Amino acid sequence: MITVASETGEVVPELRSAVSWIDARLAGLILGSCAIVAAAGLVQVSFGTYTMSIADAWAAVFDPAVWTNPQYPLRLLLGDWLGTEVARLLGFSTAPVDLARESLIVWGLRLPRVLVAVLVGTNLAISGAVFQAVTRNELASPFILGVSAGAGLAILLTLVVFSGLATFLPLIAAGGGAIAFALVYAIAWKGGTNPVRLVLAGVIVSTVFGSMQTGLFFFTEDLGVVQSAISWTTGSLTGVDWEQVRIALPWTVLFTVPLTLLGARQLNVLLLGERTARSLGMSVERVRFLLSAVAVLAAGTAIAVAGIVSFVGLIVPHMVRQLVGSDYKRVVLGSVFAGPALVAVADVGARLAVPGTQLPVGIVTGLVGGPYFLYLMRKTEVGEL
Amino acid sequence: MSKGDTPDSTDSIAGPSGDAIDVDGEPPELEAKELTLSYEPGKPVVELDRLTVPAGEVTALVGPNGSGKSTLLKSMNAELNPEDGTVYFDGRDVKQYGTTELAQQLGLLSQQNTAPASTTVRELAAHGRYPHRGFFDSLSEGDERAIDRALERVGVDDIADRPVGGLSGGQQQLAWLAMTFAQETDALLLDEPTTFLDLHHQLRVLRAARELNEERGVTVCVVLHDIGQAARFADNLIALRDGTPYEWGPPDEVVTPDLLEDVFGVEAEVGFGPEGPTIVPRRPVEDD
């Protein structure tokens, strides 16, 4: 809703118009999502080989010994060396800290999993939102333009053929996705692109890469490699560490989220159709390519830390649109918060569904996502979907 | 306001009445010279020596299906690069305009449009300000005023807060027209704006375009299906046959039984009323 600035007063109306597009429903969505993430996070940190009650977990998260010692979280966030240096620069104590066992487990081992779930959810959700606008197709997902097939193939090639490079797997996976995306763009380009050609090119590349992936599976004899490949290609948060937080956080905070929020108006105009966007003075091809690249970067960030988690990018923008309408400023901001909520909850499910073992989170998102999509399809009037 | 002043977004909105964002005195003219348009090389869809869309007037492109009307319109908007020849907008090759620069001066309403269903009429109209806003700018007060004016001119201010998804086809088209009006260009191209509308909304679209032309001197070029409607509405007609102008000029001179037979393939009677020619089609002419 656009508010017309009142004639009296200068600063207040300006401030008000800067946030006026955040309406009650969007605010509710944001707060609700935060609450869900917090609840799921608490459940998550209380489970594991060393069991503790939710209350213990809560106490550990808010352990004053951690919060009064900024050097400790800084070291976790930035790595040992850099964290210590930054703490010293900021004038915090760098003396060794003695923490309770619960706090060490929760902060050192379990919290990163929640944080990675949040980062993965955010990136996949905004990536899906962007691709749905760029292709003008509400069934588009971050993986529609060949990204998942490219990443999957890169993962298998690394594990099966070039096993020496396994340490660089996250980078290689994200790179494979980016290469597949470039290939899709090249195939779709004929003096310009259009959404239909892009989607078709995505199908072509996905099909070929998918077959090659399956072929590689066929030639793999080592069961451990197969399992590792499966957990990468279905997406898993098992065993993630602060290292993964350090990989994904900078990209998310500095690039993918701000760039997508900035691009929201362009996405709104793209949604009016290419001809209209052009007649309004947009360089459609350039904007479409750059926004797609941001979306691939977001998808790649998620893939690098968790593998290919399906359905989040498809479903979250849908859920958000149902709640806040189709203005992309609201859709993007809503997705930034709703994505983490979905992944955090799904990851709790992945941990608790089968006692004694942990499922890859991608299996849970797929199991939850499918029926939700069916519900959407039934609920929406015939003809729209 | 002096001539030659660039239509820079907010500066030109200084007029006290708020209604006179004027074009710099002289509205732009569109002119095509030695033009060949094609989608595939060697298969021209439009070929013409010279054609003018006069400044500050309403010109209708008419002709049967496939005669090249919409193609010609696309070349005027630099959407389609000519295989040969040049289209001049305000004396300059349209290809030399930057996309934003052209969009500040030349608007286009396409034939069929879809917007996300929950977009309100006002939000849609606000997109018309796109070429006037910088990447980081939010809507200025000047933008808001332009949007208000556009909504009022088109007569959709009463439904401004309703989502377009819930509107009739005719109301939706008016909302889109409001978007192009909010663009506040000096010239406007309308590609079959009335084709899918009921009679009431056809007339509302045409009336709004006519009023915009009369009040702001905007050059309007419109593709119309119905030659009778075109004859009543436009100052000039350009009748296209097989990609070539068959005749052009004021409706009184252009609309003749011969033209209707040669271009449209119908035998018709043409009467002359005070409001231009009236056409009564009788029967189709058999192809030979």
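It should be emphasised that the depicted structure is a prediction, and the values quoted were computed from it without experimental measurement. Values below: every heavy atom of this structure, side chains too, minus hydrogens, waters and symmetry copies.
- Of all the listed residues (B:Gly98, B:Pro116, B:Ala115), the one sharing the greatest number of non-hydrogen pairs under 4.5 Å with chain A is B:Pro116.
- For chain A, the nearby parts of B:Leu108 are the backbone and the side chain; heavy atoms of each come within less than 4.5 Å.
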- Message: For A:Arg275 and B:Asn113: C-alpha separation, side-chain torsions, deciding distance, then whether side-chain contact (heavy atoms from CB on, under 4.5 Å) applies.
- Response: CA-CA 9 Å; A:Arg275 198 168 183 215; B:Asn113 296 295; over 6 Å; no
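- Annotation: B:Glu192, atom CD; neighbour count of heavy atoms from other residues, nucleotides and ligands within 6.0 Å is above 12.
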- Message: Could you walk me through whether B:Thr100 and A:Leu280 satisfy the side-chain contact (heavy atoms from CB on, under 4.5 Å) test, starting with their C-alpha distance in whole Å, then the side-chain angles of each, then the deciding distance to 0.1 Å, before giving a yes or no?
- Response: CA-CA 7 Å; B:Thr100 304; A:Leu280 289 173; over 6 Å; no
- Begin from the C-alpha positions of A:Arg136 and B:Thr114 and carry the test side-chain contact (heavy atoms from CB on, under 4.5 Å) through to its verdict. CA-CA 11 Å; A:Arg136 295 187 77 205; B:Thr114 44; 3.1 Å; yes
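- Considering CZ of A:Arg265 and NE2 of B:His127, their distance stands at 10.0 Å, rounded to 0.5 Å.
- When side chains are defined from C-beta on, B:Glu123 does not count as touching A:Asn268, because their heavy atoms never get closer than 4.5 Å.
- Heavy atoms closer than 4.5 Å to chain B are found nowhere in A:Arg321, neither backbone nor side chain.
- The CZ atom of A:Arg330 lies 8.0 Å from the OG atom of B:Ser118; values are rounded to the nearest 0.5 Å.
- No more than 12 heavy-atom neighbours from other residues, nucleotides or ligands sit within 6.0 angstrom of CZ on A:Arg25.
- Contact annotation: the side chain of A:Leu272 approaches that of B:Met179 to within less than 4.5 Å [non-hydrogen atoms, C-beta and beyond].
- The stretch residues 72-85 of chain B places B:Lys74, B:Asn77, B:Ala78, B:Glu79 near chain A, each with some heavy atom under 4.5 Å from a heavy atom of that chain.
- Of the possible polar contacts, one joining the B:Gln183 side chain to the A:Ser279 backbone as a donor-acceptor pair under 3.5 Å is found.
- Contacts between residues 334-343 of chain A and chain B, counted as heavy-atom pairs separated by less than 4.5 Å, involve no residue at all.
- In this structure a side-chain-to-backbone donor-acceptor pair under 3.5 Å is missing from B:Thr99 to A:Met282.
- No part of B:Leu109 comes within reach of chain A, as not one of its non-hydrogen atoms sits under 4.5 angstrom from that chain.
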